[in-house]
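Reading through the structure tokens given below for one structure.
Note on naming: letters A, B, ... go to the chains in the order of the sequence lines (proteins, then strands), and numbering restarts at 1 for each one. What you see is a predicted model; the values in this text were computed from it and never measured.
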2 protein chains.
Amino acid sequence: MDKKILNKFKAVLKKEQLKLTKQRHAVLANMIKSKGHRECDEIYDQLKSNGENVSRATVYRTVAILEKYGFLRKLELGDGRARYEYKLGLDHHDHMVCIECGQIIEFVNSEIELLQDKICIDMNFKLVRHIHQLFGVCEICQN
Amino acid sequence: MDKKILNKFKAVLKKEQLKLTKQRHAVLANMIKSKGHRECDEIYDQLKSNGENVSRATVYRTVAILEKYGFLRKLELGDGRARYEYKLGLDHHDHMVCIECGQIIEFVNSEIELLQDKICIDMNFKLVRHIHQLFGVCEICQN
DNA sequence: TTTAGTATTGAGAATTAATCTCAATAAAAT
DNA sequence: ATTTTATTGAGATTAATTCTCAATACTAAA
């Protein structure tokens, strides 16, 4: 794992009086390696098949820590399962979701981001995070 | 209940070979009356305490129909419970959610809507619905 | 490096929103 | 009024997630 990331993780853990365990390391490493929009069970299965010993409960717990400290972003796509994507140091984007095939497409629009910030300033709302998801039919599924 | 709305509901039901039952009427009437961002259990409890006989299962079933045909909008605020708001004939808005007190504030921004439409056109994505939620700390909770 | 102190883990139970089942019932069509 | 068809309700079921707690693994201090 990249040393900078690992050091940041160590720093966060120390600050919060948490310990760096094999399991936590494995979950973070796995998220960094296979970028995507991933369910906990998927992460769990993949670690298992790599022979790494991590329980489902620990995956859930770790992913929550990683989200809290900005390593991961949690996505709720409305199908009852949370997804996580690695985000540390990457540019912000939002998501389009195809309601036919489930494909997730990323989009970026800085104008929208600016307008969003402005709304929050105007309404004296301290923005922490946001969700902007477009649901519809992707190019492929339209044919 | 407003006659226009009722007639539209009747038309939808007929087209889908569904029947207009006391229960369906009660759920719709309740949603129209008490506008807000409502959980199914809340709707259920309120109907119960009004002496109206509707089961939890029927509330869930009815709310799904009403969403499908544009009477209601479903909100997923990331707390694992779906909310519904009455929307028929009302202007579109999105939501800010205070992560301290849970308050839901509505906001409107037509510029963002336009940009959003443009993105979809550019990417050849047929937009059906969208979610745009801002999570942060509201004015009151900042003090 | 050993020990003492504290946090973490895993297996399975518990929780919880939402959905499903199916016999009894109610609405619509004839 | 009768027949046909959809709906309802009670409770069982599902499925994602969280919880429990004894056994285990990390960390810091001696």
List for me each residue that meets side chain to side chain contact (heavy atoms under 4.5 Å, CB included) alongside B:K10, sequence neighbours excluded, and say none if there are none.
B:L6, B:N7, B:L20
Atom-to-atom span, NZ of A:K15 to P of C:dA7 - whole angstrom
17 Å
Measure CG/A:D79 against C1'/C:dA17 and give the value in whole Å, please.
14 Å
In chain order, what residues pass the side chain to side chain donor-acceptor pair (under 3.5 Å) check against A:D41, with sequence neighbours excluded?
A:R56
Which residues pass the ring pair (Phe, Tyr, Trp, His ring centres under 6.0 Å) test with B:H132, not counting sequence neighbours?
A:H132, B:F107
Under 4.0 Å, counting only non-hydrogen atoms across every strand here, what does A:Q17 touch: a base, just sugar-phosphate, or nothing?
sugar-phosphate
Report for the helix from C:dT1-D:dA30 to C:dT30-D:dA1: angle between first-end and last-end helix axes, five pairs each, rounded to 10 degrees.
40°
Sugar-phosphate or base contact per nucleotide [nucleotides 17-30 of chain D; S, B, -; heavy atom under 4.0 Å]
SBBB----BBSS--
All side chain to side chain contact (heavy atoms under 4.5 Å, CB included) counterparts of A:K118, not counting sequence neighbours:
A:D122
Give, ordered by number, those residues of residues 43-54 of chain A having at least one heavy-atom distance below 4.0 Å to an atom of DNA chain C; if nothing qualifies, reply none.
A:N53, A:V54
What's the CD-C1' distance between B:E76 and D:dA16, to the nearest Å?
14 Å
Got a sec, which pairs hit ring-ring contact (aromatic ring centres under 6.0 Å, His included) with one end in residues 42-79 of chain A, sequence neighbours left out?
A:F9-A:F71
Verify the contact: side-chain N or O of A:S55 to OP1 or OP2 of C:dA11, cut-off strictly under 4.0 Å; return yes or no.
no
Let me have the donor-acceptor pairs involving side chains of residues 134-143 of chain A, under 3.5 Å, with sequence neighbours excluded, atom names and distances please.
unit_1	atom_1	unit_2	atom_2	d
A:E139	OE2	B:N124	ND2	3.1
A:Q142	NE2	A:V137	O	3.0
A:Q142	NE2	B:N124	O	3.0
A:N143	ND2	A:E139	O	3.4

List in chain and number order the residues that pass side chain to side chain contact (heavy atoms under 4.5 Å, CB included) with A:E106, two or more places apart in sequence or in another chain; answer none if no residue qualifies.
A:H37, A:E85, A:H93, A:H95
For the residue pair A:Q133 / B:H130, report whether a side-chain donor-acceptor contact shorter than 3.5 Å exists.
no
Apart from B:L114 itself, which Ile, Leu, Val, Met, Phe, Trp or Tyr residues share its cluster (side-chain heavy atoms under 4.5 Å, direct or through members)?
none
Partners passing side chain to side chain contact (heavy atoms under 4.5 Å, CB included) against B:D2 (at least two apart in sequence or in another chain):
B:K4, B:I5
Can you measure B:L13 atom CG to C:dA28 atom P for me and round it to whole angstrom units?
9 Å
